[in-house]
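This report refers to the structure that appears directly beneath it.
Residue numbers count from 1 along this sequence. Quick note: numbers below take in every heavy atom, side chains included, and nothing from hydrogens, waters or symmetry partners.
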Amino acid sequence: MEIQVKDISKIYGTKESQVAALAHASMTICEGDFISIMGPSGSGKSTLLHIISGLDRPTSGSVLYGDTDIHSGKDQELSAFRRQKIGFIFQQFNLLPVLTARENIMMPLLLDKKKVDADYLQELSEFLGLKNRLSHLPHELSGGQQQRVAIARALIAKPDIIFADEPTGNLDSRSGGEVMKMLCSIREKMNKTLVVITHDSCIAKMADRRFTIIDGELSEVSAS
């Protein structure tokens, strides 16, 4: 599914206190792309990701998934669309502390009252090295293991696209490297579209297409 980001702007505040987080950003994300968006803190990269993925709404502009403008409907419709079509991986893992790794992974399906594909869950857990950790609570897992649980959760509903916002930001260099290798493997083996937000040039260079964002202005610096 092709995603068209058309002339997106995001303004916070009013009058003298207005801040332009994004200024007329446009891009096209094609099926199977691996895209990195790099920029310093406060540059607008997370705002851009949140708007493209439907977590936030633009002040102006549109985001089309195929022929569907995801911001044209109600919040409830957008939430259902996100759960079914989009996988999220965040810097802050966002695991529920009272649930096991297995329960955290299954959560998106449970919210949609869908049956869990046990074979697919096993496939994911084995691929991500979590087979013997599914009954553990988050505090019983290392940071790298927690992020792998978050990756499995992002994949459990078999989404078309994965958005990762600083996915290695809370990890040491070794664990971060392992997580990025897994994301690259997932993208290739499962034919997923992957968009990674980062401030790390080494991670940015792993992508097939690279963008930079500075003071809310987006530009592509490399294209395959």
Side-chain angles (χ1 to χ4, degrees), residues 31-36 46 49-50 53-55 79-200 202-204 206-208:
E31 186 173 346
D33 270 350
F34 177 11
I35 289 174
S36 67
S46 290
L49 180 139
H50 290 168
S53 62
L55 288 174
S79 294
F81 181 87
R82 286 198 308 263
R83 290 196 301 270
Q84 295 163 12
K85 298 292 185 180
I86 300 171
F88 302 93
I89 302 167
F90 298 106
Q91 180 177 345
Q92 301 291 339
F93 312 145
N94 292 339
L95 302 180
L96 295 175
V98 297
L99 300 184
T100 64
R102 178 185 285 104
E103 291 165 338
N104 269 288
I105 293 169
M106 293 164 48
M107 184 56 61
L109 295 180
L110 299 178
L111 289 172
D112 266 345
K113 299 180 180 179
K114 291 186 176 180
K115 185 177 180 180
V116 177
D117 183 337
D119 291 337
Y120 182 59
L121 176 56
Q122 181 176 347
E123 178 187 346
L124 281 180
S125 62
E126 289 178 354
F127 180 78
L128 292 168
L130 295 169
K131 183 179 179 181
N132 298 320
R133 292 288 183 269
L134 292 179
S135 62
H136 289 60
L137 295 171
H139 76 269
E140 298 173 319
L141 303 172
S142 68
Q145 289 169 341
Q146 290 184 57
Q147 189 60 297
R148 281 181 267 158
V149 170
I151 292 171
R153 180 185 58 194
L155 291 167
I156 194 64
K158 301 179 182 178
D160 298 321
I161 184 168
I162 303 295
F163 290 104
D165 190 355
E166 299 281 6
T168 64
N170 274 348
L171 304 175
D172 58 42
S173 58
R174 179 179 177 181
S175 296
E178 291 174 353
V179 163
M180 284 308 304
K181 286 181 181 179
M182 287 181 178
L183 287 176
C184 291
S185 295
I186 287 166
R187 176 245 175 172
E188 293 173 1
K189 294 180 180 179
M190 298 185 179
N191 193 31
K192 301 294 184 185
T193 304
L194 177 62
V195 178
V196 177
I197 300 294
T198 185
H199 65 272
D200 187 328
C202 293
I203 292 175
M206 297 172 72
D208 299 324

Open item on the list: Apply side chain to side chain contact (heavy atoms under 4.5 Å, CB included) to residues Asn94 and Arg153 and explain how you reach the verdict.
Closed with: CA-CA 10 Å; Asn94 292 339; Arg153 180 185 58 194; 4.0 Å; yes

Open item on the list: For a side chain to side chain contact (heavy atoms under 4.5 Å, CB included) check, start with the C-alpha distance between Glu31 and Asp160, then their side-chain angles and the critical distance, and finish with the verdict.
Closed with: CA-CA 8 Å; Glu31 186 173 346; Asp160 298 321; over 6 Å; no

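Annotation: side chain of Val196 is not in contact with side chain of Met206 (no heavy-atom distance under 4.5 Å). Looking only at side-chain heavy atoms (C-beta outward), Asp117 and Lys158 come within less than 4.5 Å of each other. Contact check for Glu178 versus Gln147: no side-chain heavy atoms found under the 4.5 Å cut-off. Between Leu121 and Ile156 there is a side-chain heavy-atom pair separated by less than 4.5 Å. A 4.5 Å side-chain heavy-atom check between Arg187 and Asp208 finds at least one atom pair inside the cut-off. Residues Val149 and Phe93 form no side-chain contact, since every pair of their non-hydrogen atoms from C-beta on lies 4.5 Å or further apart. A heavy-atom distance below 4.5 Å is not found between the side chains of Val116 and Ile105. When side chains are defined from C-beta on, Ile89 counts as touching Leu183, because their heavy atoms get closer than 4.5 Å.
In this structure a side-chain-to-backbone donor-acceptor pair under 3.5 Å is present from Arg82 to Gly54. For Thr100 (side chain) and Ser135 (main-chain N/O), no donor-acceptor pair under 3.5 Å exists by modelled atom type. Between the side chain of Arg148 and the backbone N or O of Met182, no donor-acceptor pair lies under 3.5 Å. Between the side chain of Thr198 and the backbone N or O of Glu166, no donor-acceptor pair lies under 3.5 Å.
Of all non-hydrogen atoms in Glu103 and Leu99, the two that sit nearest each other are OE1-CA, 3.3 Å. Looking at every heavy atom in both residues, Leu111 comes nearest to Arg83 through CB-CD, 4.0 Å. In plain terms, the two heavy atoms of Ile162 and Ala154 that are nearest each other are CD1-O, 3.9 Å. Considering every non-hydrogen atom in both Lys85 and Pro159, the closest pair reads O-CB, 3.4 Å. The nearest pair of heavy atoms linking Pro138 to Leu95 is CG-CB, 4.0 Å. Across all their heavy atoms, Pro167 and Ile197 have their closest contact at CD-O, 3.9 Å.
Distance CZ/Phe90 to CG/Leu55: 5.0 Å, rounded to 0.5 Å. Taking CZ of Arg102 as the reference point, atom NE2 of His136 lies at 11.5 Å (rounded to 0.5 Å). The CG atom of Leu128 lies 10.0 Å from the OG atom of Ser185; values are rounded to the nearest 0.5 Å. Distance CE/Met180 to OG/Ser175: 14.0 Å, rounded to 0.5 Å. A distance of 9.0 Å separates CG in Asn104 from CG in Leu141, rounded to the nearest 0.5 Å. Interatomic distance, CG of Leu155 versus OH of Tyr120, reported as 5.0 Å (0.5 Å rounding).
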